[in-house]
Amino acid sequence: MCGITGWVSFHSDARTQTPVIEAMTATLAPRGPDAGGVWLGERAAIGHRRLAVIDIEGGVQPMADRPDEPTIVLSYSGEVYNHHRLRAELRRRGHVFRTRSDTEVVLRAYAEWGEAVAEHLEGMFAFAVWDEREQRLLLVRDRLGVKPLHWAAVDGGLAFASEPKALFAHPEIRPRVDADGLREAYSLLFNTGPTVWSGVREVDPGGLLVLDRDGIRERRYWQLEAGPHTDDRDTTVERIRELVGAAAHGQLEADVPLCSLLSGGLDSTVLTALLAGELRSRQGPEARIRSYAVDYSDQAVEFTGDVLRTGHDTPYAVEAGAFIGTDHSTVVLDPRSLLDPGHRTAVVVARDSPIGVGDMDTSLYLLFGEIRQHSTVALSGEAADEVFGGYPWFHSPKALAAGTFPWLLVTGDEAAMPLNPELDLHIAEFRDDTYRTALAAVPHLEGETPAEHRQRELQHLSLTRWLRQLLHRKDRLSMAQGLEVRVPYCDHRLVEYAFTTPWALKSHDGREKSLLRAAGAGLAPDSVLHRPKNHYPATHHPDYNRGLQQLARDALAAEQVRALTDETRLKPCLDTPPDRLEWGHRLRLERVVDLALWLDHYRPELAL
C-alpha cells in the first residue's frame with residue numbers, strides 16, 4: 001500500500017520541476033513510510049511513497065519497464081491478489097520479470113494489454129501509468145473504490161494524487177471551496193467525481209481516465225449489473241461461503257506481519273475464522289492470527305443503546321477470539337485521548353475533509369496506530385452490510401417507502417451540520433436531484449417484482465454511495481498510520497454474485513444478512529452468529545461530552561466558523577447537560593469542531 005502522485009503537462013518541461021514533484025510526494029509520507037522516489041521526463045513527473053508489503057527489496061517505485069531508457073513508468077498503490085496467475089500468463093506471452101512484486105505484474109500487464117489492463121486485475125488498487133511512446137497518461141481505480149485517486153487540471157494537462165493534499169503542493173492548485181463543494185460535503189450523498197475542493201475530482205470506482213494530446217477521456221470498465229439467479233438456497237449459501245473463503249485465501253499474502261480486526265460482530269468473526277483456518281493450513285495447527293478490537297474506558301458502566309448500537313461489543317469479541325483461537329487484544333481508549341487536539345487535527349488532515357464522525361474517527365485512528373506497532377497489514381469485515389443487506393433500512397417499511405437516500409432517515413437533520421441559512425445552499429433540492437440521478441443508474445431485471453427492485457435500489461445505493469464514505473474513512477485513517485487494511489468483502493466476484501441474488505434469499509430467515517449467517521455456521525459462536533447488527537462503537541462518557549462542548553465553544557470563537565454555522569441550532573447542543581447529550585446533537589458538535597480544525601489547517605479560499 002502506498003501513495004502516488006504526479007502530473008503531465010504538454011505545455012512545459014517537467015524535468016525542471018524536481019522540487020515540485022518532491023514536495024507533492026513528501027505530503028504522502030504517512031501512506032508510505034518505508035521509501036520514496038520520483039521520476040521526471042519531458043512531459044511527466046511521477047512520485048511515489050512506499051509501504052513495503054510484498055517483495056520488500058524488489059518493489060521499488062516509480063517502476064520503469066527499462067531502467068536505462070524507460071518507455072513505461074508506473075506509480076502504483078494497492079494489492080493485486082491474482083498477481084501470481086497473471087505473472088504466469090505474462091511469462092507465457094514472453095515477458096521477463098526482474099522482481100516478484102505485484103507492482104511489476106501491473107507494469108508488464110499494461111505493456112501487454114494497454115488500458116484494458118484494468119479488467120485483468122483483481123484487488124484494491126489505484127495507479128498511474130505514463131507511456132512515453134504514446135505520450136499518454138492512464139489513471140485506473142479499483143472496482144469498488146477501495147483505494148483513492150484524485151486529479152485536477154493544470155496548464156496543458158492534469159495532476160493526480162492519492163490525496164488532495166498532494167495536489168495542493170503543486171503551484172497551480174490551491175485549496176478552494178465553493179458552494180458546490182459545501183453541498184457535496186454536507187448533503188451526505190457521497191457522490192463520486194466531485195469533492196469538497198473546487199476543481200478536484202475523483203476517478204470513479206471501476207473507472208479509468210486517459211490523458212493525451214487530444215484531451216481527457218473517462219470511462220467505466222466495471223459496474224454492477226442485474227442478472228438472473230438460478231441457484232437454490234443451499235447452493236447459494238455454499239457459493240457465498242466459497243466466495244468469502246476465496247477472498248480470505250487470496251488476501252492473506254504478505255511479507256510483513258498481518259492481523260484481523262475482530263469486533264465481535266458476524267462479519268468480522270466469520271472473516272477472522274476463515275483467515276485463521278487458512279493460516280493454520282499454511283503454517284501448521286499451532287499458528288494463530290492476531291486480532292484486535294477497540295473499546296472505551298466507560299463502556300462497561302456507561303453504555304446506553306442508541307439508533308445505531310444495541311450492545312457492548314467487547315464481550316462478544318473476546319468470546320469470538322477464544323472460539324476461533326486468535327491472539328486477541330482490546331485497545332481501550334479514554335475521553336482524554338479522544339479529545340486531544342493533536343489527535344483530532346491528525347484525523348482531519350488525514351481526511352482532507354471537514355466531514356467525519358467525531359470520536360469514532362479519532363478512536364479508529366488511534367486503534368490503527370496501536371495495531372501498527374505489531375502489524376503492517378490488517379483485514380477488515382467492512383462492506384458485508386452493503387453486500388448482504390445488514391443495515392436497518394433494508395428491513396424498514398419507512399425506508400422502503402421513502403423518496404430519498406435511506407441513511408438520511410437515520411442521520412437526518414439532527415445529525416446534519418447546522419450550516420448558516422444565509423449561505424442558501426439549496427441542499428434539499430440538491431438531494432432530490434441527486435436521488436433521481438442515483439435511481440436512474442440502478443440496473444433493471446426483466447420480470448422483477450416492484451418489491452425486489454426496491455431492494456435492489458437500496459443495495460445499489462448502499463454499495464455505490466454509502467460504502468464510499470466508509471472506504472474513504474478506512475483508507476485515510478489507516479494509511480495515516482502507515483497501516484494497510486484489506487477488505488475481502490469487497491471482492492468484486494462476491495459483490496456481483498450477491499447483487500444478483502434475490503432479496504427473498506438474502507432474508508430467508510427473516511433477519512438481516514441471512515446468507516452470511518448461514519454460510520458462517522460453525523465459524524462463530526452462536527451468541528455472535530445470531531447477534532443483532534451493531535455499528536462501530538462510540539464513547540458514552542459524560543466527560544467526553546463535556547469536553548466536546550467546550551471544544552465546540554472554542555471553535556465558534558473563530559469568525560470563519562461562525563460565518564458558516566447556525567449558532568441558534570447549536571445552542572441546544574451546547575446547553576444540554578453532558579450526561580443527557582443525544583447522539584445526533586453530539587454529532588453536530590463534532591462537525592463544528594472538525595470544521596474549525598479543517599479551516600485552520602488548510603486556510604482554504606472560500607468562494608461562496
Side-chain angles (χ1 to χ4, degrees), residues 1 78-79 81 122-126 141-148 190 192 205-206 240 243-248 250-252 258-275 289 291-294 308-309 313 317 320 350-351 356-357 360-361 363-365 367-368 371 375 377-391 394 407 459 461-481 483-495 498-499 512-513 515-516 519-520 524 528 533-538:
M1 201 61 62
E79 303 293 344
Y81 303 123
E122 298 170 7
M124 56 178 190
F125 48 82
R141 192 176 182 194
D142 67 70
R143 293 168 179 83
L144 273 296
V146 180
K147 304 313 298 176
F190 315 118
T192 54
I240 290 295
L243 288 167
V244 176
Q251 298 189 28
L252 201 56
L258 54 75
C259 67
S260 179
L261 304 179
L262 179 60
S263 70
L266 174 66
D267 315 339
S268 64
T269 302
V270 169
L271 176 62
T272 301
L274 290 168
L275 293 169
I289 192 169
S291 63
Y292 290 89
V294 68
L308 298 178
R309 300 165 193 88
D313 279 336
R351 291 195 317 247
V357 282
M360 291 183 280
D361 280 357
S363 68
L364 191 62
Y365 171 80
L367 170 64
F368 287 151
I371 292 173
S375 299
V377 175
L379 289 102
S380 166
E382 200 86 82
D385 287 304
E386 291 79 6
V387 173
F388 295 109
Y391 290 117
F394 289 104
W407 49 87
Q459 190 174 19
L461 294 173
S462 299
L463 284 166
T464 60
R465 289 177 176 270
W466 180 257
L467 180 60
R468 174 179 179 264
Q469 52 92 21
L470 295 178
L471 294 175
H472 168 94
R473 172 176 180 254
K474 179 272 308 171
D475 173 83
R476 296 304 189 82
L477 299 181
S478 62
M479 294 307 296
Q481 297 283 21
L483 177 73
E484 174 181 303
V485 176
R486 299 176 182 175
V487 279
Y489 289 117
C490 283
D491 183 285
H492 73 277
R493 293 159 298 184
L494 171 63
V495 173
F499 187 69
E512 77 284 353
K513 292 185 284 194
L515 288 177
L516 184 59
V528 171
K533 163 68 183 172
N534 206 48
H535 289 256
Y536 185 89

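Please read all numbers here as calculations on a predicted model, not as lab measurements.
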Closest approach of [X] to [Y] (non-hydrogen atoms, all atoms of both residues):
| X | Y | result |
| --- | --- | --- |
| Val244 | Phe388 | CG2-CZ, 4.4 Å |
| Ser260 | Ile289 | CB-CD1, 4.2 Å |
| Asp142 | Val146 | OD1-N, 2.8 Å |
| Ala317 | Ala293 | CB-CB, 4.1 Å |
| Tyr365 | Ala480 | CE1-CB, 4.0 Å |
| Cys490 | Ala383 | SG-CB, 3.6 Å |

I need the [X] [atom1] to [Y] [atom2] distance, nearest 0.5 Å.
| X | Y | atom1 | atom2 | result |
| --- | --- | --- | --- | --- |
| Leu261 | Ile371 | CG | CD1 | 5.0 Å |
| Leu271 | Ser291 | CG | OG | 11.5 Å |
| Leu364 | Gln481 | CG | CD | 9.5 Å |
| Lys513 | Leu266 | NZ | CG | 5.5 Å |
| Met479 | Phe368 | CE | CZ | 11.0 Å |
| Ile240 | Leu494 | CD1 | CG | 5.5 Å |

Do Asn534 side-chain atoms and Asp313 backbone N/O form a donor-acceptor pair below 3.5 Å?
no
Backbone N or O of Ser263 within a donor-acceptor pair of the Ser268 side chain at under 3.5 Å?
yes
Decide side-chain contact (heavy atoms from CB on, under 4.5 Å) for Thr192 and Thr464; before the verdict, give the C-alpha distance in whole Å, the side-chain angles of both, and the deciding distance to 0.1 Å.
CA-CA 8 Å; Thr192 54; Thr464 60; over 6 Å; no
Residues in salt bridge (charged side-chain N to carboxylate O under 4.0 Å, His left out) with Arg468, at least two apart?
Glu202
Which of parallel (below 30°), tilted (30 to 60°) and perpendicular (above 60°) describes Trp407 and Trp466?
tilted
From Leu258, Leu262, Leu379, residue fulfilling side-chain contact (heavy atoms from CB on, under 4.5 Å) relative to Leu275
Leu379
Taking Phe125 as the fixed residue, which of Arg143, Glu79, Arg141 is the one that meets the side-chain contact (heavy atoms from CB on, under 4.5 Å) rule?
Arg143
If you measure only the distance, is there a donor-acceptor pair under 3.5 Å linking the side chains of Tyr536 and Ser363?
yes
Sequence neighbours left out, what passes side-chain hydrogen bond (donor to acceptor under 3.5 Å, both in side chains) with Ser462? Give chain and number order.
Trp393
Can you list everything that forms a side-chain hydrogen bond (donor to acceptor under 3.5 Å, both in side chains) with Glu382? Sequence neighbours excluded, please.
none
Only one of Lys533, Glu386, Glu512 clears side-chain hydrogen bond (donor to acceptor under 3.5 Å, both in side chains) with Tyr391; which?
Glu386
Leu467/Val387 under side-chain contact (heavy atoms from CB on, under 4.5 Å): CA gap, chis, key distance, verdict:
CA-CA 10 Å; Leu467 180 60; Val387 173; over 6 Å; no
Applying side-chain contact (heavy atoms from CB on, under 4.5 Å), run through His535 and Met360 and close with a yes or a no.
CA-CA 10 Å; His535 289 256; Met360 291 183 280; over 6 Å; no
Any Met124 side-chain heavy atom under 4.5 Å of Asp475 side chain
no
So do the side chains of Val270 and Tyr489 get within less than 4.5 Å of each other, counting heavy atoms only?
yes
Only one of Lys474, Arg351, Arg476 forms a salt bridge (charged side-chain N to carboxylate O under 4.0 Å, His left out) with Asp361, so which one is it?
Arg351
